[in-house]
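Reading through the structure tokens given below for one structure.
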Amino acid sequence: MKVLDLFCAHDHGFEGWFGSEEDFQGQLARGLVQCPLCGNADIRKGLSAPRLNLRAGTSADPAVAAVATQPQSGSDVLTPYALQAAWLHMARHIMARTEDVGQRFVSEARRMHYGEIEERAIRGQATPEQTTELLEEGIAVLPLLLPEAAKEPLQ
Ligand SMILES: [Zn+2]
């Protein structure tokens with residue numbers, strides 16, 4: 001497995017996973033490698049882009065998607081492209097592992113906390129006031145603004 005830092009013609013940075021270098025070149029030649037943000041197929045490899053290791057937490061906590069960011073040692077400088085790609089990657093990760101309950105988020109989080117319904121990982125909308133209330137009740141929530149682009153499935 002080969003993980004490549006790629007950039008489209010519009011300088012969107014993203015990560016591509018390939019079986020091998022030949023696999024990447026083959027897909028590139030056939031126009032199969034596309035930018036997840038804009039669909040551009042004019043892709044080039046980044047030289048030595050720093051990278052973030054992002055891991056979504058387990059769903060042990062019902063209302064929170066915990067994310068640890070651990071820059072690799074020796075790569076303290078993050079380019080905006082790398083950050084953008086990493087953030088999109090993380091947002092997709094969270095969305096793939098949580099159920100969207102929309103406006104019911106606050107009540108669902110409460111009902112889970114008080115054992116009325118089974119615990120699961122959820123996401124949805126809450127106002128800053130509601131978020132504060134939940135936190136004060138000891139319910140773990142993580143305010144996140146998910147980018148629109150993350151709502152499209154990964155290729
Ligand atoms: Zn792009």
Side-chain angles (χ1 to χ4, degrees), residues 1-106 108-109 120-132 134-135 139-155:
M1 185 62 71
K2 209 166 166 56
V3 182
L4 299 175
D5 290 307
L6 305 173
F7 296 88
C8 78
H10 303 112
D11 274 341
H12 298 132
F14 62 98
E15 206 171 66
W17 295 55
F18 303 92
S20 63
E21 177 71 26
E22 297 74 52
D23 188 26
F24 164 67
Q25 294 296 347
Q27 291 193 37
L28 189 65
R30 281 176 289 152
L32 297 176
V33 186
Q34 293 180 352
C35 171
L37 281 170
C38 70
N40 186 281
D42 185 7
I43 305 299
R44 69 182 191 282
K45 259 198 291 186
L47 289 179
S48 58
R51 86 152 18 91
L52 278 178
N53 292 323
L54 295 167
R55 262 174 261 130
T58 61
S59 58
D61 211 315
V64 71
V67 181
T69 61
Q70 297 179 324
Q72 272 178 2
S73 58
S75 62
D76 295 321
V77 183
L78 282 166
T79 66
Y81 306 135
L83 273 178
Q84 183 185 38
W87 169 232
L88 192 62
H89 188 75
M90 183 198 76
R92 283 194 163 121
H93 211 72
I94 291 170
M95 293 180 87
R97 284 160 182 78
T98 54
E99 181 190 334
D100 187 6
V101 295
Q103 300 295 333
R104 291 185 294 117
F105 179 78
V106 175
E108 290 287 291
R120 66 195 196 282
I122 59 170
R123 67 177 192 278
Q125 284 91 50
T127 66
E129 293 76 31
Q130 288 171 325
T131 304
T132 307
L134 289 174
L135 288 169
I139 303 170
V141 293
L142 179 67
L144 280 178
L145 270 175
L146 294 172
E148 277 301 309
K151 289 174 184 165
E152 290 149 28
L154 265 184
Q155 297 288 317

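Whatever order the structure lists ligands and atoms in, that order sets their numbers, starting from 1. Computed from a prediction, not measured in an experiment: that's the story for all the values here. Along the sequence shown, the residues carry numbers beginning at 1. Atoms considered below: every heavy atom in the structure, side chains included; atoms not considered: hydrogens, waters and symmetry mates.
Rounded to 10°, the angle that SG of C35 and SG of C8 form at the Zn ion (ligand 1) is 110°.
For H12, the N, O or S atom closest to the Zn ion (ligand 1) goes by the atom name ND1.
Side-chain contact between V101 and R120 is present, with heavy atoms from C-beta onward closer than 4.5 Å. Two residues are said to be in side-chain contact when any heavy atoms from C-beta on lie closer than 4.5 Å; F105 and Q130 fail this criterion.
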**Asked** Can you check side-chain contact (heavy atoms from CB on, under 4.5 Å) on H10 and N40, steps first, answer last?
**Response** CA-CA 8 Å; H10 303 112; N40 186 281; 3.5 Å; yes
**Item:** Worked check of side-chain contact (heavy atoms from CB on, under 4.5 Å) between C38 and H12
**Value:** CA-CA 8 Å; C38 70; H12 298 132; 3.5 Å; yes
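At a cut-off of 2.8 Å, H10 is not counted among the residues with an N, O or S atom near the Zn ion (ligand 1).
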